Protein chains: 2
Amino acid sequence: MNPVNLKLLAQKLNLSIATVSRALQDSHEVSTQTKERVKALAAELNYQPNAYASSLRRNVSKTIGVVIPEVNNHFFSLAINGIEAVARQQGYHVLIYLTHEDHDREADITQYLTGGRVDGLLMSVAASASQDFSHLKKLYDSKPAIVFFDRVCEELPTASVTTNDYESGYLATQHLIEAGCRHIVHLMIAGNLSIGRMRMQGYHAALESHGIAFDETLVVNGSDDDDGNTHLITDLLRQRPEIDGMFASVERLAISSYQACQALGRAIPADVKIVGFSNLGVASLLNPALTTITQPAYEIGREAATILLRAIEKKHPILPSQSVVLNSTLFPRRSTARD
Amino acid sequence: MNPVNLKLLAQKLNLSIATVSRALQDSHEVSTQTKERVKALAAELNYQPNAYASSLRRNVSKTIGVVIPEVNNHFFSLAINGIEAVARQQGYHVLIYLTHEDHDREADITQYLTGGRVDGLLMSVAASASQDFSHLKKLYDSKPAIVFFDRVCEELPTASVTTNDYESGYLATQHLIEAGCRHIVHLMIAGNLSIGRMRMQGYHAALESHGIAFDETLVVNGSDDDDGNTHLITDLLRQRPEIDGMFASVERLAISSYQACQALGRAIPADVKIVGFSNLGVASLLNPALTTITQPAYEIGREAATILLRAIEKKHPILPSQSVVLNSTLFPRRSTARD
DNA sequence: CTGTTAGCGCCTTCAA
DNA sequence: TTGAAGGCGCTAACAG
């Protein structure tokens with residue numbers, strides 16, 4: 001299969017490569033006729049410019065990278081949808097990398113990404129126990145624009161798109177308190193995540209302002225082992241029958257908490273009330289009492305991509321002041337066909 | 001920020017670019033000492049080869065593309081997980097493109113992809129009404145290796161990774177029949193999909209072999225509008241009170257069917273029994289009666305990526321005979337902590 | 001309006 | 001074992 005490149009087109013048309021190139025870019029300095037001729041042949045031969053040659057020459061790749069912990073997670077899926085929509089609209093390609101919450105993997109990935117492969121990066125950091133962000137700093141120094149979303153690395157002076165996590169945590173907890181709960185478990189994901197801290201602080205503050213003592217033993221650190229989490233919660237519920245409420249700061253923990261209650265035969269919401277983060281429409285179907293907090297995941301993706309691409313196009317650096325905080329939707333009931 | 005490239009390294013080391021290049025590739029024809037020197041400096045300056053220059057020169061990109069309808073869908077999320085795992089392990093990058101079930105969009109995307117941007121392509125075709133695969137044929141002729149997964153374009157002589165859809169459809173329907181159902185709705189996604197046809201044929205055959213007449217009016221073609229689907233099903237259930245079973249060939253239709261029953265106050269499984277494809281663990285939590293068929297999505301992704309990358313690496317063409325059919329898991333109950 | 005030329009950064013003959 | 005040179009395909013000066 002002989003390659004269809006500018007040289008071939010030029011030969012067939014008795015033109016120079018440069019003219020063909022210009023014609024295909026609708027340059028003003030090419031006669032309308034030759035433009036037509038060139039484009040006609042290009043279409044006929046199904047010419048497609050070599051992206052790598054072009055990237056090499058112009059030093060831009062029209063490609064962004066998305067680095068996230070998992071894709072098998074409704075929040076990130078929806079975010080990718082938003083990212084892809086914006087990228088596509090602006091002619092950008094999207095490379096995807098999954099860290100699986102692994103710090104070393106994340107470091108590996110960011111390492112590769114310093115090679116000019118991407119013009120910019122959208123990132124949600126892995127929930128590693130370590131506080132070591134040296135790989136991110138290296139990446140940041142190297143070149144590409146970075147915008148964080150949801151899970152932020154606060155040590156880099158760049159923009160981020162997040163949700164009102166503190167407030168959500170506060171309201172979720174307050175909701176439980178107002179519903180009569182006095183012994184509220186906080187289910188959070190292990191690791192050192194900005195969002196985890198914020199939600200935790202909201203939980204803490206809500207307890208305090210309602211005169212309920214913070215009980216450290218009611219805080220559960222989940223892992224990425226769902227069954228393990230369910231066991232953890234089941235055991236806690238068994239040992240502490242006074243528990244009457246749970247605030248799950250991650251979707252899968254909300255589901256685990258639901259399963260734990262089922263396993264023990266404790267009724268929801270009669271015995272235990274649950275409020276959980278969930279970006280999955282179905283979760284609220286599980287039980288009308290499983291109150292949910294939904295993040296605007298798609299919009300987060302769109303917003304983050306928009307900020308990033310704007311900066312790339314205009315060659316502006318990205319400043320922390322461009323950060324955006326969106327609001328989660330609290331306590332919606334998923335409408336059924338009959339509402 | 002001055003770029004760290006071979007030239008720079010060569011200058012600093014008083015070596016030629018060629019030697020530096022060879023040293024970094026562990027070429028046999030470079031002395032151990034200079035290799036050390038080169039690598040040391042490269043590490044110190046955090047040298048990262050320019051991927052585009054390399055791709056241009058070697059005419060391989062170490063990049064594969066994944067073209068799927070949606071990412072916000074457990075099946076595809078899981079598949080991507082599998083794909084990414086294999087790709088990463090073999091040093092490949094993954095570009096992602098979403099068609100949103102739109103034929104024109106799919107054509108656009110495949111058009112871009114003929115430019116040598118990817119060495120290969122994993123694809124699950126959009127559920128368009130049209131039978132027009134000319135864009136795929138063009139792509140196929142152009143160069144990159146293609147492996148289809150789940151949703152196949154049967155007109156291209158390449159490999160695919162699918163599941164036993166006919167059998168699943170048959171067994172699902174048989175399950176309902178054996179449970180006493182006589183008026184079984186088939187909920188399928190609109191469009192011209194290989195998997196839809198296979199599952200439909202299974203449904204059809206099961207009815208036939210159990211002496212139940214096929215009733216065309218019990219086949220519902222859903223769209224990608226979930227609420228619309230729920231309404232559609234609700235209306236059907238209202239008009240045809242004799243309906244006692246539903247087979248949903250897509251996850252979201254399973255959920256819609258559940259919601260429709262709820263809306264009408266029809267008990268599951270007492271009044272209506274449902275069997276549905278679902279790759280989402282939670283779905284079976286909805287109701288123990290919502291029996292599920294689960295595809296090995298992660299393995300499908302792994303398998304498809306493995307076939308593709310093997311072909312790329314060995315520069316073998318991909319043959320239809322390399323196709324793989326994996327088995328879905330039928331009727332599992334998601335185990336709870338207490339099982 | 002069109003052609004010539006000079007690279008982008010890298011790899012790979014060929015020659016020393 | 002190393003260096004010099006050419007070129008992957010494309011773009012962007014600079015000439016004409």
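Here is how names work: the chains are called A, B, and so on, in the same order as the sequence lines, proteins then strands, and each is numbered from 1. Just so we're clear, the structure is a prediction, and the values are computed from it rather than from any experiment.
Considering only heavy atoms from C-beta on, B/Pro3 stays 4.5 Å or farther from B/Leu8 through its side chain. In this structure the side chain of B/Val125 never reaches within 4.5 angstrom of the side chain of B/Val152, judged on heavy atoms.
Here B/Asn59 lies out of heavy-atom contact (under 4.0 Å) with every strand. At the heavy-atom level, A/Ile17 lies under 4.0 Å from base atoms of the strands shown. If you check every strand for non-hydrogen atoms under 4.0 Å, A/Ser55 touches nothing. Among the atoms of the strands shown, only primed sugar atoms or phosphate atoms (P, OP1, OP2) are found under 4.0 Å from some heavy atom of B/Leu6.
One can place CD of A/Glu29 at 11 Å from P of D/dA12, the figure rounded to the nearest angstrom. One interatomic measurement links the two molecules: CD of B/Gln25 to C1' of C/dG9, which rounds to 13 Å at whole-angstrom precision. For the pair A/Asn50 CG and C/dG9 P, the interatomic distance rounds to 17 Å; values are reported in whole Å. The interatomic distance linking A/Leu15 (CG) with C/dT2 (C1') rounds to 8 Å, in whole Å. Distance B/Arg58 CZ to D/dG9 P: 16 Å, rounded to the nearest Å. Look at CG on A/Leu56: it is 9 Å from P on C/dC10, rounded to the nearest Å. Remark: C1' of D/dG6 and NZ of A/Lys7 are 12 Å apart, rounded to the nearest angstrom. When the P atom of D/dC10 is taken as reference, atom CG of A/Leu24 falls 9 Å away, rounded to whole Å.
A close approach under 4.0 Å does occur between a side-chain nitrogen or oxygen of A/Tyr47 and OP1 or OP2 of D/dC10. For B/Ser16, a side-chain nitrogen or oxygen approaches OP1 or OP2 of D/dG3 to under 4.0 Å. Taking 4.0 angstrom as the limit, B/Ser31 places a side-chain polar atom (N or O) nearer than this to OP1 or OP2 of D/dT2. Side-chain N/O atoms of A/Thr19 include none lying less than 4.0 angstrom from OP1 or OP2 on C/dC1.
Sequence order on DNA chain C of the closest nucleotides to B/Ser54 and A/Thr34 puts A/Thr34 first from the 5' end. Comparing B/Asn5 and B/Arg22 by the nucleotide of DNA chain C whose heavy atom lies nearest to each, the residue mapping closer to the 5' end is B/Asn5. Two residues, B/Val20 and B/Ala53, neighbour DNA chain D, and the one matched to the more 5' nucleotide by heavy-atom proximity is B/Val20.
Between D/dT2, C/dC10, C/dC8, one nucleotide has an atom nearer to the side chain of B/Pro49 than all others, and that is C/dC10.
Salt bridge A/Arg151/A/Glu106: absent, no basic N to carboxylate O contact under 4.0 Å.
The local environment of NZ in A/Lys39 is crowded, with over 12 non-hydrogen atoms from other residues, nucleotides or ligands closer than 6.0 Å.
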Compile the donor-acceptor pairs under 3.5 Å between side chains in residues 300-315 of chain A and protein atoms, sequence neighbours left out, one pair per line.
{"from": "A/Thr306", "atom 1": "OG1", "to": "A/Arg302", "atom 2": "O", "distance (Å)": "2.6"}
{"from": "A/Glu313", "atom 1": "OE2", "to": "A/Lys62", "atom 2": "NZ", "distance (Å)": "3.4"}
{"from": "A/Glu313", "atom 1": "OE2", "to": "A/Tyr92", "atom 2": "OH", "distance (Å)": "2.6"}

